[in-house]
Amino acid sequence: MTNPEKTFPFSSLLVASFFPAVLLLLVCLVTYLPTIFNGFKLDDFTYLNPDMHQRATSFWGLFTESTNQHYNPLNIFFNDLFFPWWGKNVVPFHLLNLSLFYINVLLLYRTCFLITSRKFTALLAAILFCVHPINAEIVNQVVFNTVLIAAALVQLSFLAFDRYLQTHAKRYYLLSLIYAAVSFLTLETSWLLPAYLLMWAMRDRSFKQSLRLTLPFWAMTIFLLVIWYQLSQGNTVTGGFVQKFAYLNLSFLTLAGSWAYLFFWYLQKLFIPVDHIWIYAVSPLTVSEAVKYLALTAAAASAVIFFRKTFFHRPILTAALWFFSGFVF
């Protein structure tokens, strides 16, 4: 029988209980309220200056045109919506970001509790996340409201997916898909969500069953990846298939191999943090090197799948795996 304390009533996703909600609100306000009068920063000015910001020709153009190597149409849409409202008045932007950040903190508390089954651990993780200096940039740079929107949607999708696993009610699965789709169109980092859903489903299901459950999420990611490839270098989605990928001479094989190489490089630096930098540049790999690192990735994934009963049924190990995968990606 399902433990209601672990699955949560879906109608109260944003409020785990009165005490954590109030405590986390106070921590957010103490940490970030003094910054609401800070000025605009960096990329904020591209939206303040029409000459610097190249808007899409139409709403449909958001999804079919690109001026750079990114594909995040709703990211542009949200900021095109917010900036005409408030113009150069920075306070509403900061209040919006602070509100979105608080929602993310509450959702993180729920997500951590779901993973660890420990309220104190979940609350401590949410507090540390709230006060961590790395989040200062996200809260203070107003164009990062889209990062906070996408992060909240990813967590809502995960929680809805878990609710579906517990109840088998299709409406939760549909909600999870909707949240995921909107987050995918807002921020490309959200495309990692299917991997986390697969990981979560495998706790008490086979890899084949879990893959079947998450297949629509993977399909959306692959579809958007193809569009992203097509739109790189500013082409339209109906234009000729570009030969260069994100300004580099990369095939899908060498691109995937480069990602695999970076995965193992960052994983190594977690344990041996010598000459560690946050953004590590790597030259495109050769085909043979790409195959080698993809084979290592496949071997590591196979080992995790083989030992899943030991690995996934222990909350601490599950949380550790999520940390490692989130950090290296």
Please table the atom pairs, donor to acceptor, closer than 3.5 Å between any side-chain atom in residues 18-30 and protein atoms at least two apart or in another chain.
none

M220 and L177, any side-chain heavy atoms less than 4.5 Å apart: yes

By side chain to side chain donor-acceptor pair (under 3.5 Å) - contacts of S157 (at least two apart): S176

Pairwise distance CD1(I103) to CD1(I149) - rounded to 0.5 angstrom: 9.5 Å

Contacts of type side-chain contact (heavy atoms from CB on, under 4.5 Å), residue A122, not counting sequence neighbours: Y109, C112, F113

Nearest-0.5 Å distance that lies between atom CZ in F223 and atom CH2 in W191: 10.5 Å

Sequence neighbours excluded, every pair satisfying side-chain hydrogen bond (donor to acceptor under 3.5 Å, both in side chains) that has a member inside residues 27-40: T35-N140, N38-N140

Partner residues of Y173 under the ring pair (Phe, Tyr, Trp, His ring centres under 6.0 Å) criterion, sequence neighbours left out: Y164, F217

Rounded distance (nearest 0.5 Å) linking atom CZ of F101 with atom CD1 of I138: 7.5 Å

S210: partners by side-chain contact (heavy atoms from CB on, under 4.5 Å), with sequence neighbours left out: L198, A201, M202, R205

Taking every non-hydrogen atom, the tightest pair across F161 and T214: CZ-CG2, 3.9 Å

Step-by-step side-chain contact (heavy atoms from CB on, under 4.5 Å) determination, L175 to L156: CA-CA 9 Å; L175 271 175; L156 285 168; over 6 Å; no

Co-members of L124 in a cluster of I, L, V, M, F, W and Y side chains, linked at under 4.5 Å: F120, L128

Those residues that, when tested against A260, pass side-chain contact (heavy atoms from CB on, under 4.5 Å) (two or more places apart): Y293, L294, T297

Intermediate values then yes/no, ring-ring contact (aromatic ring centres under 6.0 Å, His included), Y179 and Y172: CA-CA 10 Å; Y179 289 138; Y172 295 122; over 10 Å; no

Validation row: L148, F144 side chains within 4.5 angstrom (heavy atoms): no

Distance (rounded to the nearest 0.5 Å) between L114 CG and L107 CG: 12.0 Å

Salt bridge (charged side-chain N to carboxylate O under 4.0 Å, His left out): pairs with one or both residues in residues 206-216, sequence neighbours excluded: none

With N97 via side chain to side chain donor-acceptor pair (under 3.5 Å) - residues at least two apart: none

ring-ring contact (aromatic ring centres under 6.0 Å, His included) evaluation trace for F158 with W200: CA-CA 9 Å; F158 169 74; W200 190 246; 5.3 Å; yes

All side-chain contact (heavy atoms from CB on, under 4.5 Å) counterparts of S190, not counting sequence neighbours: A150, V154, S183, F184, L187

N104 versus A152, closest heavy-atom pair with distance: OD1-N, 3.0 Å

Co-membership, hydrophobic cluster, residues L197 and L215, 4.5 Å side-chain: no

Interatomic distance, I115 atom CD1 to D162 atom CG [nearest 0.5 angstrom]: 9.5 Å

Atom of G39, atom of H94 and distance for their closest heavy-atom approach: O-NE2, 4.1 Å

Pairs satisfying salt bridge (charged side-chain N to carboxylate O under 4.0 Å, His left out), at least one member in residues 120-139, at least two apart: K41-E137

Stepwise side-chain contact (heavy atoms from CB on, under 4.5 Å) test for V90 and F37: CA-CA 7 Å; V90 73; F37 295 104; 5.8 Å; no

Q155 side, atom CD; L193 side, atom CG - distance, nearest 0.5 Å: 10.5 Å

